[in-house]
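Quantities reported herein were computed from a predicted structural model and do not represent experimental measurements. Each ligand, and each atom within it, is numbered from 1 in the order the structure gives. Nothing fancy with the numbering, it's 1 onward along the sequence.
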Amino acid sequence: MQELAASTALDYDSDVYKDAYSRINAIVIEGEMEAKGNYTQLATLLPDSAEDLTQLAKMEGRHMKGFQACGKNLSVTPDMDFARDYFARLHGNFQQALADGDVVACFLIQSLIIECFAIAAYNIYIPVADPFARKITEGVVKDEYLHLNFGEVWLREHFEDVKERLLEANKQNLPIVWQMLNQVEDDAAVLGMGKEELIEDFMVAYSEALSNIGFNAREIARMSVHGLAA
Ligand code: Y39
Ligand code: FE
Ligand code: FE
Ligand code: FE
């Protein structure tokens, strides 16, 4: 019921809403575009999974187009310069991992951290989205669970070999997500998305993923605490 109250109170046509949307929509478009690039590049490191990864990349490209349509539908111009800066650190870390041939860090950054961020953001957005964007986002979030699952399966299959590297990469990248969340807290609130709900949804998805990969409860707690050091 809370969602209903929030969504009826939102004025999708107001300048305040559109201004916040110009940044959040841009972040999502940029994120989808980078996700497409990340899976395409990851395919070059993993010939055995190249076909699957190329399929994921195609899905990300479709997501990007869907969210571009959401902005157009509200007559909003996405602030892509803001969005590029927003993703710069994760982008840099992914590119570094790629250059190092560090598949584990690549998976952690894209398939665990970024996918969980997307899942949290889209789940929290759906109940407060305009009807056009809601339909698009409902379709997209289903795909994001598949992407997260792909990373989980790969990492689980190599768990003993990748465990230490995952711990390090988590420590390096999880704090960045919290900083990113803090950065758009006010814009998200204008769209009816609460920061605490976002954090909760992220942590549920992220800890479930870590558990599926093979970490125990204490390890997951320790990894989560590193995120709080933001
Ligand atoms: O795998 C994917 O499709 C991920 C790229 C997309 C990330 C989207 C990030 C959304 C953050 C929105 C922040 C709202 C508070
Ligand atoms: Fe409710
Ligand atoms: Fe996506
Ligand atoms: Fe994805």
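Remark: side-chain polar atoms of Ser211 are not paired, donor with acceptor, to backbone N or O of Ser207 under 3.5 angstrom. A donor-acceptor pair is defined here as one N or O able to donate and one able to accept, closer than 3.5 Å; no such pair exists between the side chain of Asn25 and the backbone of Pro78. Of the possible donor and acceptor atoms, one in the side chain of Asp130 sits under 3.5 Å from a partner among the backbone N and O of Phe132.
Rounded to 10°, the angle that OE2 of Glu60 and OE2 of Glu115 form at the Fe ion (ligand 4) is 90°. Between the OE1 atom of Glu32 and the ND1 atom of His63, the angle centred on the Fe ion (ligand 3) amounts to 100° when rounded to 10°.
Ligand 1 has no atom lying under 4.0 Å from any heavy atom of Tyr125. Contact analysis puts Gln110 in contact with ligand 1, with a non-hydrogen atom separation below 4.0 angstrom.
Classification of the Phe159-Phe215 ring pair by plane angle, with boundaries at 30° and 60°, yields perpendicular.
For a distance bound of 2.8 Å, the N, O or S atoms of Asp143 include none lying that close to the Fe ion (ligand 3). Inclusion of His147 in the first shell of the Fe ion (ligand 3) is not supported: no N, O or S atom falls under 2.8 Å. Counting backbone and side-chain atoms alike, Glu144 contributes an N/O/S atom closer than 2.8 Å to the Fe ion (ligand 4).
Counting heavy atoms closer than 4.0 Å to ligand 1, residue Glu34 contributes nothing at all. Residue contacts with ligand 1, taken as heavy atom pairs separated by less than 4.0 Å, involve Glu60 solely via side-chain atoms from C-beta onward.
The shortest N/O to N/O separation between Tyr86 and ligand 1 does not fall below 3.5 Å.
Annotation for ligand 1: atoms under 4.0 Å from non-hydrogen atoms of Gly31 are 5 (C). The distance from ligand 1 to the heavy atoms of Glu144 drops below 4.0 Å at these ligand atoms: 1 (O), 2 (C), 3 (O). Proximity to Glu115 (heavy-atom distance under 4.0 Å) selects the following atoms of ligand 1: 1 (O), 2 (C).
In terms of protein heavy-atom proximity, atom 4 (C) of ligand 1 is closest to Ile114 CG2, 3.5 Å. The protein non-hydrogen atom at the shortest distance from atom 8 (C) of ligand 1 is Tyr122 OH, 3.5 Å. Scanning the protein heavy atoms around atom 13 (C) of ligand 1, the nearest turns out to be Phe117 CZ, 3.8 Å. Among protein heavy atoms, the minimum distance from atom 12 (C) of ligand 1 is reached at Ala121 CB, 3.8 Å.
Inspection of the His63 and Glu144 side chains reveals an N or O donor paired with an N or O acceptor under 3.5 Å. For Asp100 and Gln96, the side-chain atoms include at least one donor-acceptor pair closer than 3.5 Å.
Atom CD of residue Glu115 and atom CG of residue Asp143 lie 9.5 Å apart, to the nearest 0.5 angstrom.
Here the options are Asp201, Leu181, Leu198, the test is side-chain contact (heavy atoms from CB on, under 4.5 Å), and the partner is Phe117; only Leu181 passes.
Ion pairing of Asp81 with Arg84 is present here, as a side-chain N (NZ or NE/NH1/NH2) and a carboxylate O approach within less than 4.0 Å.
In the candidate list Ala26, Gly194, Ala118, Ala118 is nearest to atom 7 (C) of ligand 1, counting heavy atoms.
Within 6.0 Å of CG in Asn216 there are more than 12 heavy atoms belonging to other residues, nucleotides or ligands.
Aromatic pair Phe67/Tyr122: centroids less than 6.0 angstrom apart.
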